Every structure is written in C-alpha cells, then in structure tokens.
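A short worksheet on the structure shown next.
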Amino acid sequence: MMQMLAEIAVALIVLLGALFVLAAAIGLNRLPDVYSRMHAASKAGTVGSGLMLLAVGLHAGDLATLARALAGFFFFVLTAPVSAHLLAMAARKAGYPLAKQTLLDEMQSQEKSI
Amino acid sequence: MILAAALWIALVVLGLAFLLTVWRVVRGPTLPDRVVALDMLVGIVIGFIALIAIRTGFTLYIDIAISLGLVGFLATVAFARFILARHGGEEGGEAPPAEIPAPEHPGLPAERRKPARKGKIDEMAGSRRRKAR
C-alpha cells in the first residue's frame with residue numbers, strides 16, 4: 001500500500017514536471033520578444049526539470065540518491081536566474097529591441113538620466 | 001503500472017516540448033532567442049535523463065544530469081558575454097557582420113588603426129620570444 005502511494009506520488013510529480021516543460025516550450029514559441037521568452041524558459045523550464053530530478057530521488061527511496069537529487073535541484077534553481085539575468089542584461093545592452101506591447105522600459109529611463 | 005504509463009506520457013510530452021524548442025532555435029530571429037532556446041534544450045534533456053533514470057533504475061544518471069546542468073549554465077554565461085562583447089544588432093534582424101568596425105572611435109579611420117594594432121602584436125610576440133630564450 002505504501003509502495004503504491006509512493007509510486008502514485010512519483011507519477012504525479014513526473015507528469016507535473018512534463019506539463020511545466022511543455023508550458024515553457026509553448027511560451028517560448030508564443031511570446032513576442034527575447035525578454036518575455038526568457039521569462040517563460042528560465043522559470044517554467046527550470047521548475048519542470050527540477051521536479052523530474054526530485055521524482056528520481058523520491059523513486060529511489062535511498063537517502064544518498066535523494067541528497068544528490070536535491071543538490072541537483074537546488075543547483076538548477078540557483079543557477080537559472082543568474083544565467084537568465086546575465087543573458088537579459090547582455091541582450092538589452094547590445095540593443096535588441098523590446099516588443100511593441102511593452103509598457104515600461106526601466107533601463108531606457110536609466111540611460112536618459114545618466 | 002501507473003508509473004510506467006505516467007513515464008510514457010511524460011516522455012511523449014517532453015518530446016513535443018523538445019520539438020517546439022528546436023523550432024524556436026531554427027526560427028529565432030535573433031541570437032539571444034537561440035541562446036534562450038538552447039538553455040531550455042539543456043533543461044529538457046535533463047528531464048529526459050531523469051525519466052530514463054526512473055525507467056532503468058540507474059541512479060547514477062543523476063550525476064550526469066548535474067554535470068550537464070553545469071555545462072549548460074557555463075555555456076549560457078559564455079554566450080551572454082559573447083553577445084555583450086559583440087554589442088551589435090540594433091535592428092534585431094539577422095546577426096550583424098563582425099567585420100564592420102564598431103563605431104567607438106569615429107575619428108580614426110580603419111586603415112590607420114589596423115597597422116598600429118599589428119605592430120603592437122608584433123612587439124608582443126617579440127617580447128614573448130625574448131622571454132622564451
């Protein structure tokens with residue numbers, strides 16, 4: 001019974017992770033410019049792959065494996081914002097344009113004030 | 001039984017997401033679009049590795065996933081530095097040609113800058129040769 005419950009939990013986590021990754025991929029194709037695509041890919045995609053790693057750790061039922069899976073999960077969750085921020089800053093400074101629907105461009109006012 | 005069905009569904013969904021992301025890499029109008037999509041591809045491949053680890057029971061796959069994530073992070077950081085160093089693409093179209101000198105020194109024509117840089121490189125090479133002796 002307990003094993004059955006654990007299996008159902010792992011299956012649910014795997015499906016949830018796959019759905020997050022699918023949402024990220026759809027957002028990557030539907031959103032209008034680089035910055036909003038980055039928002040879809042770096043948040044939903046990271047959560048998706050992190051949930052799948054967590055599912056591996058739970059499925060193994062071993063403390064060492066769970067610790068490694070958690071380490072990988074936290075590694076991804078910590079590095080994804082760093083790389084996304086670096087990429088967004090590089091694209092903005094290189095002058096790649098924002099979408100027409102953009103309402104607020106805070107870096108533009110910063111450049112004007114300097 | 002339930003887990004096997006869930007793994008199949010998740011593999012199919014991940015394959016679909018993989019194809020969508022590859023479509024963005026192929027079509028992406030700018031270089032940062034492609035870099036974002038490649039970063040996303042690394043995440044999807046990590047998901048594939050995790051699913052295969054559950055299917056086969058080899059937990060050593062987690063280490064491979066962690067190292068792949070590290071490589072993907074470093075690749076994205078390197079691409080960001082590259083985009084920042086290239087500093088072009090105002091029109092947002094295809095990648096600007098790298099041969100055109102950046103308009104940082106408008107007073108200096110390109111012919112005058114090149115020999116000076118070449119002489120400097122020669123001088124550096126000479127000093128390195130002297131140091132090697």
Side-chain angles (χ1 to χ4, degrees), chain A residues 4 7-8 10-15 17-26 28-29 33-35 37-38 40-42 44-46 48-57 59-60 62 64-65 68-69 71-72 75-76 79-80 82-91 93-97, chain B residues 1-3 5-7 9-14 16-21 23-24 27-28 30-33 35-37 39-40 42-51 53-54 57 59 61-63 65-66 69-70 72-73 76-77 79-92:
Chain A
M4 184 83 176
E7 200 163 293
I8 288 174
V10 169
L12 279 181
I13 292 176
V14 163
L15 284 181
L19 283 183
F20 265 109
V21 171
L22 185 66
I26 290 173
L28 204 63
N29 274 279
D33 64 350
V34 190
Y35 309 100
R37 277 171 204 150
M38 203 173 292
S42 86
T46 307
S49 53
L51 278 180
M52 282 184 221
L53 269 184
L54 208 62
V56 179
H59 179 68
D62 181 13
T65 311
R68 273 186 299 164
F75 177 75
F76 294 137
T79 55
V82 175
S83 64
H85 176 258
L86 268 175
L87 200 56
M89 198 182 62
K93 281 190 178 165
Y96 287 99
Chain B
M1 183 61 200
I2 298 170
L3 188 58
L7 284 182
I9 295 170
L11 278 175
V12 170
V13 169
L14 271 190
L16 202 63
F18 193 88
L19 286 182
L20 283 174
T21 313
W23 175 240
R24 174 52 72 192
R27 203 186 62 172
T30 63
L31 179 63
D33 279 312
V35 177
V36 168
D39 193 26
M40 173 85 191
V42 171
I44 293 176
V45 169
I46 288 168
F48 268 121
I49 290 174
L51 291 188
I54 295 179
T59 54
Y61 277 119
I62 293 179
D63 299 339
I66 290 174
L70 180 63
F73 170 63
T76 309
V77 171
F79 265 120
R81 299 296 300 178
F82 171 63
I83 291 169
L84 197 60
R86 210 177 52 162
H87 211 281
E90 290 282 344
E91 79 285 346

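Numbered from 1 within each chain, the chains take letters A, B, ... in sequence-line order. Note that this is a predicted model, so its numbers are computed, not measured.
Residues B:Met40 and A:Gly45 approach most closely at SD-CA, 4.3 Å, considering heavy atoms. The shortest heavy-atom contact between A:Glu7 and B:Met1 is OE2-N, 3.5 Å. Residues A:Ser83 and B:Phe73 come closest through the heavy atom pair CB-CD1, 3.8 Å. The two atoms that bring A:Val34 and B:Pro32 nearest to each other are CG1-CB, 3.5 Å, heavy atoms only. Shortest non-hydrogen contact noted between A:Ala25 and B:Thr21 is CB-OG1, 3.8 Å. Closest of all the heavy-atom pairs between A:Val14 and B:Ala10 is CG1-CB, 3.4 Å.
Residue A:Thr46 does not touch chain B at all, counting heavy-atom pairs closer than 4.5 Å. Contacts between A:Ala64 and chain B at a heavy-atom distance below 4.5 Å are absent for every atom of the residue. At a 4.5 Å heavy-atom cutoff, the contact between A:Ile26 and chain B is made by backbone and side-chain atoms alike.
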Under the side chain to side chain contact (heavy atoms under 4.5 Å, CB included) rule, what do A:His59 and B:Leu3 come out as? Steps first, then yes or no, please.
-> CA-CA 10 Å; A:His59 179 68; B:Leu3 188 58; 3.4 Å; yes
Test side chain to side chain contact (heavy atoms under 4.5 Å, CB included) on A:Leu28 and B:Trp23 and set out the steps.
-> CA-CA 10 Å; A:Leu28 204 63; B:Trp23 175 240; over 6 Å; no
Please walk me through it: do B:Leu31 and A:Tyr96 pass side chain to side chain contact (heavy atoms under 4.5 Å, CB included)?
-> CA-CA 9 Å; B:Leu31 179 63; A:Tyr96 287 99; 4.1 Å; yes
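Your options are A:Val21, A:Asn29, A:Leu22, A:Leu15, and the one with the most heavy-atom pairs under 4.5 Å with chain B is A:Asn29. With chain A as partner, the option from B:Val77, B:Ile9, B:Leu70, B:Leu7 having the largest number of non-hydrogen pairs under 4.5 angstrom is B:Leu70. Between chain B and the options A:Met38, A:Met89, A:Met4, A:Met52, the largest number of non-hydrogen pairs under 4.5 Å is found for A:Met52. When each of B:Thr76, B:Thr59, B:Ile66 is checked for heavy-atom pairs under 4.5 Å with chain A, B:Thr59 comes out on top.
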Please list every donor-acceptor pair under 3.5 Å in which a side-chain atom of residues 42-49 of chain B meets a protein atom from a residue at least two apart or in another chain.
none

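Note that CG of B:Leu84 and CG of A:Leu86 are 9.0 Å apart. Values are rounded to the nearest 0.5 Å.
Under the rule for a salt bridge (charged side-chain N to carboxylate O under 4.0 Å, His left out), A:Asp62 has no partner lying at least two apart in sequence or in another chain.
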